[in-house]
Amino acid sequence: MTESAMVKAEQVHKSFGHVQVLKGIDLEVKQGEVFCLIGPSGSGKSTFLRCINHLEKINAGRLYVDGNLVGYRQQGDKLYELRDREVSMQRRDIGMVFQRFNLFPHMTALENVMEAPVQVKKRSKSEARTQAQELLDRVGLADKANNYPSQLSGGQQQRVAIARALAMEPKLMLFDEPTSALDPELVGEVLDVMRDLAQSGMTMVVVTHEMGFAREVGDSLVFMDDGVVVESGDPREVLTNPQQERTQSFLSKVL
């Protein structure tokens, strides 16, 4: 395993019942890289993302984050599933931002961002509050700290969700189509925050339909279809000059 790999997938398979969703995924995400996953709905992108933090268990293969096997420990040739507590420990280092913002509706923006550091990391409330205020400021929402999710636009809720994920000081951020539930005019404000994160050196795996973002911010791009990696490479290269017929056909519809 290369030193600088933050995520490494080796022959990852995942099925739901008889349906094979991932059919032997091999890929590597380097430290500090913005890694974009594109492809049609149902191609396995979101499922793969959820496997990285063991929200979905893989059926075969190996997944590593920062050199550690995700969800399992290996003894000899055998894999043993980690206990829930051990999986939770692994997840602390991985931030995830979903399509739907998943904020606690009964908590203000500030309280949403404070919650995990206080509950999981046992931070003092005053320390967590200071950090939460700094993070809301970073995502451009310092003035919305006391608003409840219902008082925020979709784009603002998604920015709170990003601040909440960052509050755990993760070494890896996963974004599952973070702009797909937003009105078009709100997409830009979320992508701006993600650009800022990328510039700060955060390792990011982004499932996205935003080809402009992938082209401009991405370091690597993978096109998935039907549970396999069809094509991968430099985003600008893949998007302007796709080599595979399946990639060409997909891009001709979305670009």
Side-chain angles (χ1 to χ4, degrees), residues 1 5-29 35-91 93-102 172-181 204-211 214 220-233 238 242-254:
M1 174 146 170
M6 180 58 83
V7 179
K8 187 169 174 63
E10 296 174 346
Q11 280 302 297
V12 168
H13 287 76
K14 171 70 186 172
S15 299
F16 294 108
H18 296 301
V19 181
Q20 260 199 310
V21 181
L22 300 175
K23 305 172 182 174
I25 300 289
D26 289 301
L27 55 79
E28 200 170 290
V29 181
F35 191 96
C36 295
L37 285 167
I38 65 168
S41 294
S43 57
K45 311 178 299 292
S46 293
T47 299
F48 176 70
L49 203 68
R50 293 170 67 84
C51 291
I52 295 177
N53 63 1
H54 206 58
L55 284 174
E56 298 289 356
K57 298 173 186 178
I58 64 177
N59 300 116
R62 300 275 191 281
L63 249 176
Y64 300 88
V65 170
D66 205 16
N68 299 310
L69 200 55
V70 173
Y72 300 90
R73 61 188 164 83
Q74 188 162 349
Q75 276 182 315
D77 294 340
K78 276 219 161 84
L79 284 185
Y80 297 92
E81 194 166 352
L82 296 178
R83 295 189 186 92
D84 288 348
R85 201 170 59 89
E86 296 169 302
V87 172
S88 298
M89 288 294 284
Q90 285 189 332
R91 275 200 200 119
D93 291 330
I94 305 171
M96 182 143 184
V97 177
F98 300 87
Q99 270 182 44
R100 299 275 165 204
F101 326 116
N102 295 6
L172 170 66
M173 283 284 281
L174 308 176
F175 291 90
D176 187 7
E177 299 189 14
T179 58
S180 66
M204 296 158 63
V205 183
V206 184
V207 172
T208 187
H209 294 299
E210 300 292 336
M211 299 302 155
S220 297
L221 180 115
V222 157
F223 170 65
M224 275 176 72
D225 188 31
D226 198 25
V228 297
V229 171
V230 176
E231 189 161 348
S232 62
V238 176
Q243 299 303 301
Q244 303 297 321
E245 207 172 304
R246 182 67 192 93
T247 321
Q248 290 165 9
S249 144
F250 172 76
L251 290 175
S252 72
K253 294 184 181 74
V254 298

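- When every heavy atom of Gly76 is checked against every heavy atom of Gln74, the shortest pair comes out as O-NE2, 3.3 Å.
- Note that the CG atom of Asn68 and the NZ atom of Lys8 stand 14.5 Å from one another [nearest 0.5 Å].
- Contact detail for Tyr72 and Leu82: the closest heavy-atom pair is N-CG, 3.6 Å.
- Taking a cutoff of 4.0 Å between a charged side-chain nitrogen and a carboxylate oxygen, Arg62 and Glu10 do not qualify as a salt bridge.
- Residues Phe175 and Met204 share a closest heavy-atom pair of CE1-CE, 3.6 Å.
- Atom CD of residue Gln20 and atom NE2 of residue His13 lie 5.5 Å apart, to the nearest 0.5 angstrom.
- When atom types are taken as modelled, the side chain of Gln90 and the backbone of Gly71 share a donor-acceptor pair closer than 3.5 angstrom.
- The side-chain contact (heavy atoms from CB on, under 4.5 Å) test applied to Glu245 returns Gln248, not counting sequence neighbours.
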Kindly indicate, with the supporting measurements, whether the criterion side chain to side chain contact (heavy atoms under 4.5 Å, CB included) is fulfilled by Ile25 and Met224. CA-CA 9 Å; Ile25 300 289; Met224 275 176 72; 3.8 Å; yes
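- Counting only heavy atoms from C-beta outward, the side chains of Asp226 and Lys23 approach each other to under 4.5 Å.
- In plain terms, the two heavy atoms of Arg100 and Ala181 that are nearest each other are NH1-CB, 3.7 Å.
- Here NE2 of His54 is found 8.5 Å from CG of Asp84. Values are rounded to the nearest 0.5 Å.
- In this structure Phe98 satisfies the ring pair (Phe, Tyr, Trp, His ring centres under 6.0 Å) test with no other residue, sequence neighbours excluded.
- Between Arg73 and Glu86 no salt bridge is recorded (no basic side-chain N to carboxylate O distance below 4.0 Å).
- Atom SG of Cys51 is separated from atom CG of Leu174 by 11.0 Å, given to the nearest 0.5 angstrom.
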Side chain to side chain contact (heavy atoms under 4.5 Å, CB included) between Ile94 and Val70, intermediate numbers included: CA-CA 11 Å; Ile94 305 171; Val70 173; 5.5 Å; no
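- Summarising the geometry of Phe48 relative to Leu27, their closest heavy-atom pair is CZ-CD1, 3.8 Å, with the distance given to 0.1 Å.
- A distance of 8.5 Å separates CE of Met6 from CG of Asp93, quoted to the nearest 0.5 Å.
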Can Leu22 and Ile58 be said to form a side chain to side chain contact (heavy atoms under 4.5 Å, CB included), step by step? CA-CA 9 Å; Leu22 300 175; Ile58 64 177; 5.7 Å; no
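- Without hydrogens or angle criteria, Glu231 side chain to Thr247 main chain gives no donor-acceptor distance under 3.5 Å.
- Interatomic distance, Leu172 CG to Phe35 CZ, rounded to the nearest 0.5 Å: 11.5 Å.
- For the ring pair (Phe, Tyr, Trp, His ring centres under 6.0 Å) test, residues two or more places apart in sequence or in another chain that qualify with Phe250 are Phe223.
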Derivation and outcome, side chain to side chain contact (heavy atoms under 4.5 Å, CB included), residues Val229 and Asp26: CA-CA 8 Å; Val229 171; Asp26 289 301; over 6 Å; no
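- Side chain of Lys45 to backbone of Val206: no donor-acceptor contact under 3.5 angstrom is found.
- Counting all heavy atoms, side chain and backbone alike, Asn53 lies closest to Arg91 at O-NE, 2.7 Å.
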The test is salt bridge (charged side-chain N to carboxylate O under 4.0 Å, His left out); show your working for Asp176 and Arg50 and say whether it passes. CA-CA 9 Å; Asp176 187 7; Arg50 293 170 67 84; 5.6 Å; no
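- Between His209 and Val254 the shortest side-chain heavy-atom distance does not fall below 4.5 Å.
- Here the side chains of Arg246 and Pro40 are in contact, with some heavy-atom distance below 4.5 Å.
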